[in-house]
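For reference, the structure is listed below as structure tokens.
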Amino acid sequence: MNARLVVLASGTGTLLEALLDSSIGGQVVGLVSDQPESRVVHVAESRGIFTRCVSLGDYSSRESWESDLLAQVSELGPDLIIAAGFMRILSPQFVDQFPRQIINSHPSLLPLFPGAHAVRDTMAAGVKVTGCTVHFIDHGVDTGEIIAQQQVSVQPGESESELHERIKLIERRLLPRSIEQLIESHSGISNFGKGTK
Ligand code: GAR
């Protein structure tokens with residue numbers, strides 16, 4: 001089955017590039033970003049990926065932004081939605097629309113260090129081992145069921161950005177591999193294939 005994958009992202013887009021460069025048994029049919037000026041938008045456009053931008057500041061309220069985000073993603077008929085550096089919380093309405101069809105890559109070993117500053121919080125805590133997690137998105141912040149994790153050791157004296165970069169090297173392999181396994185098994189994706197256009 002050629003699963004339809006929709007990517008949500010806000011940042012530099014190296015995870016999107018990793019997905020586009022992997023054979024994951026699915027097709028990235030769209031990128032939806034909340035950051036029109038971000039590198040990930042240029043990555044998607046230059047690779048011929050259908051791109052939509054929903055910038056929170058362009059909407060009169062958070063609710064109208066949330067409902068347009070839901071509309072834009074729904075229109076793409078996703079089998080799986082992948083938050084690959086998407087720095088916004090999805091509304092409960094959004095999550096309920098796609099039960100166990102939304103996954104996220106996060107730069108810590110959840111449940112440790114959830115939230116937007118995972119690597120900074122990791123360093124502040126002084127732990128020696130961290131890593132990354134691929135998980136389903138539920139109503140909480142980085143609380144959904146864990147799909148895969150991999151450890152990364154913290155090197156003495158390295159900066160937050162150096163550690164984050166080493167974690168991202170692992171994420172770029174773990175995320176495509178996790179998607180491939182989900183597509184192969186369809187495990188837990190109750191609506192898999194039903195959203196197809
Ligand atoms: C990744 O490290 C991802 O885990 C993180 O943003 C980075 C995106 O990298 N996401 C979060 O922190 C979400 N809480 P990229 O823009 O190079 O793909």
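Computed from a prediction, not measured in an experiment: that's the story for all the values here. Both counts, for ligands and for their atoms, begin at 1 and track the order of listing. Both backbone and side-chain heavy atoms feed into the values below; hydrogens, waters and symmetry mates do not.
- For the atom pair NE2 of H42 and OG1 of T51, the computed distance is 10.5 Å after rounding to the nearest 0.5 Å.
- What sits closest to atom 8 (C) of ligand 1 on the protein, heavy atoms only, is G85 CA, 3.6 Å.
- Shortest contact from atom 12 (O) of ligand 1 to any protein heavy atom: P107 CD, 3.4 Å.
- From the protein, the heavy atom lying nearest to atom 18 (O) of ligand 1 is L15 N, 2.9 Å.
- Note on L110 and L174: separate hydrophobic clusters, where clusters join Ile, Leu, Val, Met, Phe, Trp and Tyr whose side-chain heavy atoms are under 4.5 Å apart, directly or indirectly.
- The backbone N or O of S91 sits nowhere less than 3.5 Å from a side-chain atom of H139 that would complete a donor-acceptor pair.
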Item checked: Verdict with supporting geometry, I103 and L175, side chain to side chain contact (heavy atoms under 4.5 Å, CB included) -> CA-CA 9 Å; I103 67 170; L175 181 60; 4.0 Å; yes
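- Taking CZ of R39 as the reference point, atom OG of S46 lies at 8.5 Å (rounded to 0.5 Å).
- Ligand 1 lies out of reach of A118, whose nearest heavy atom is not under 4.0 Å from it.
- Close approach of ligand 1 to G115 is summarised as follows: ligand atoms under 4.0 Å from at least one heavy atom of the residue are 14 (N).
- In this structure, D79 does not pair ionically with R4, as no charged nitrogen and carboxylate oxygen lie closer than 4.0 Å.
- Listed by number with element, the atoms of ligand 1 under 4.0 Å from a non-hydrogen atom of T14 are 15 (P), 17 (O), 18 (O).
- The distance from atom CD1 of I81 to atom CG of N104, rounded to the nearest 0.5 Å, is 12.0 Å.
- No side-chain donor-acceptor contact under 3.5 Å links S105 to the backbone of V134.
- A continuous path of hydrophobic side-chain contacts links V29 to I102 [ILVMFWY only; heavy atoms under 4.5 Å].
- The single protein non-hydrogen atom nearest to atom 13 (C) of ligand 1 is M87 SD, 3.7 Å, given as residue, atom name and distance.
- For ligand 1, the atoms sitting less than 4.0 Å from at least one non-hydrogen atom of S105 are 3 (C), 4 (O), 10 (N), numbered in the order shown with element in parentheses.
- In this structure, A116 has no heavy atom closer than 4.0 Å to ligand 1.
- Only the side chain of E171 comes within 4.0 Å of ligand 1, counting heavy atoms alone; its backbone N, CA, C and O stay farther away.
- Atom 15 (P) of ligand 1 has T12 OG1, 3.3 Å as its closest protein atom, hydrogens excluded (heavy atom only).
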Next item on the list: Apply the test salt bridge (charged side-chain N to carboxylate O under 4.0 Å, His left out) to residues E171 and R177: give CA-CA distance (whole Å), side-chain angles for both, the deciding distance (0.1 Å), then the verdict.
Entry: CA-CA 10 Å; E171 290 185 81; R177 205 185 311 141; over 6 Å; no
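- Atoms of ligand 1 lying under 4.0 Å from any heavy atom of G11, numbered from 1 in the order shown and given with element: 16 (O).
- Remark: ligand 1 and K168 share an N or O pair separated by less than 3.5 Å (distance only, no angle test).
- Residue-ligand proximity, H106 to ligand 1, at heavy-atom distances under 4.0 Å covers atoms 4 (O), 14 (N).
- Ligand 1 lies nowhere less than 4.0 angstrom from a heavy atom belonging to A9.
- At least one heavy atom of H164 lies less than 4.0 angstrom from ligand 1.
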